[in-house]
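Data block below; observations after.
Everything numeric in this text was worked out from a predicted model, so none of it was measured. First the proteins, then the strands, lettered A, B, ... as listed; each starts at 1.
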Protein chains: 2
Amino acid sequence: MLGLLSAGPASGYDLLKTFELSLENVWPATQSQLYAELGRLAKEGLVRVAAEGPRGRKEYEITEEGRAELRHWLVEVPPTMTRRSDMLLRVFFLDQVGTGAARGYLERLAERAVHEHDQLLGIREFVIGQGDDALRLYGDIALEWGLRLTAAQRDWAEWAAGRVAALEQEKALEHEKAGQAVAE
Amino acid sequence: MLGLLSAGPASGYDLLKTFELSLENVWPATQSQLYAELGRLAKEGLVRVAAEGPRGRKEYEITEEGRAELRHWLVEVPPTMTRRSDMLLRVFFLDQVGTGAARGYLERLAERAVHEHDQLLGIREFVIGQGDDALRLYGDIALEWGLRLTAAQRDWAEWAAGRVAALEQEKALEHEKAGQAVAE
DNA sequence: TAGTGCATGTAACAGGTTACATGATTTT
DNA sequence: AAAATCATGTAACCTGTTACATGCACTA
């Protein structure tokens, strides 16, 4: 929220729209959370109500303390490197469902990655040439991460499905051999 | 937890060790959470106390209902595709700190990715050839995802740092030109 | 016998989600 | 006049983290 307000004053409602539109893939936030957090930030002096509009609209702006806190967070607080992926956790236990279902799971992951990749390409077409130099650059960089991540996910999931298919084949052959041995 | 117990009975303490050792990068869990969750799962009939040992040790085993629930979760519940990355969120606001600090941030991300990649390579050396066919395969697949993800992160962060450096250069040139214009 | 490791649990708090609740202004 | 949009807030609940609290059993 400090980041968004650093670009100019906005109401809780405005921020909500921004979260829904452009930050949704990076940091989703709910309406309740936003208003609660605005109250908290105001109490801490990091934002202040700059103007009041119709329908009880309160336009917030970032304070100097807020800007300092934002800069501090940006470069001095070490990023978390998101662990915890239920997508990957499932992979560990995929032997519980047999090769067919396991392969299906991985193939669906690949399809999904392709779909998300396409969506990001769509966004890129849409935002091309928007904003000034610096803003566009950082937006591009973030978008590029999404593109590379989804591409890597697709490649990996396809590769993994192939490995599972190979195991499937191997098992089938063994079964066949065992059958022949019994027949002989 | 159901996944871990599907490989054989274990106590809360055992599960904790497994989480710390092998699931730490995929799904970290704390001790409090584990014991609380075991109680809940037992109440729901997904696990049961199979044996009691010294020091109040309770060995849990998965029930048939638990196994069914695990299989259901594995293939029928759609995975989340982790959104929410504070690492990426920062990128959006990097214009607040100037090109120098922004480049520093991205370079640190690259270094970190390299470090994590190396750690995963170490793990791969360590686990090579362990477990049976199916288990090893899915372990390999999960590890491969880590390797690809960290490699992609390194490449991306280096590329991004390069783009920021280019902007830095451009700005420096403009500044120079402006200086010359004033001199003339 | 002192230290380490095994073993289980509770309490307070932080962050986030869903659902509830209300009402003013603008557009059709 | 009705519908959509703008606009703000609260309450209950769930998940997860940190810190507290306890004690047995093995080993050096």
Strand-adjacent residues in residues 6-32 of chain A, judged by heavy atoms under 4.0 Å from DNA chain C: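 Within this stretch, A/W27, A/T30, A/S32 sit under 4.0 Å of the strand.
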Of residues 34-61 of chain B, the positions that come close to DNA chain C - non-hydrogen atoms, cut-off under 4.0 Å: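 Under 4.0 Å from DNA chain C: B/Y35, B/R55, B/G56, B/R57, B/K58.
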Charged tip of A/R83 within 45° of B/W27 ring normal and under 6.0 Å: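 Judged by the rule, A/R83 and B/W27 form no cation-pi pair.
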Closest contact, heavy atoms only, B/L94 versus B/A102: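 Scanning both residues completely, I find the closest heavy atoms to be CG-CB, 3.7 Å.
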d(CD, B/Q33; C1', D/dG16) in whole Å: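 After rounding, the reported distance stands at 5 Å.
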Connected via hydrophobic side-chain network under 4.5 Å: A/L16 and A/V47: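 In one cluster with A/L16: A/V47, yes.
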May I have the list of side-chain donor-acceptor pairs in residues 155-176 of chain B shorter than 3.5 Å, sequence neighbours left out?
residue: B/W156; atom: NE1; partner: A/I141; partner atom: O; Å: 2.9
residue: B/E168; atom: OE1; partner: B/R103; partner atom: NE; Å: 2.7
residue: B/E168; atom: OE2; partner: B/R103; partner atom: NH2; Å: 3.4

Would you say [atom1] of [X] has more than 12 non-hydrogen atoms from neighbouring residues, nucleotides or ligands within 6.0 angstrom?
X	atom1	result
B/E64	CD	no
B/H115	NE2	no
A/R124	CZ	no

Salt-bridge criterion met for A/R57 and A/D14 (N-O under 4.0 Å):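 A/D14 and A/R57: salt-bridged.
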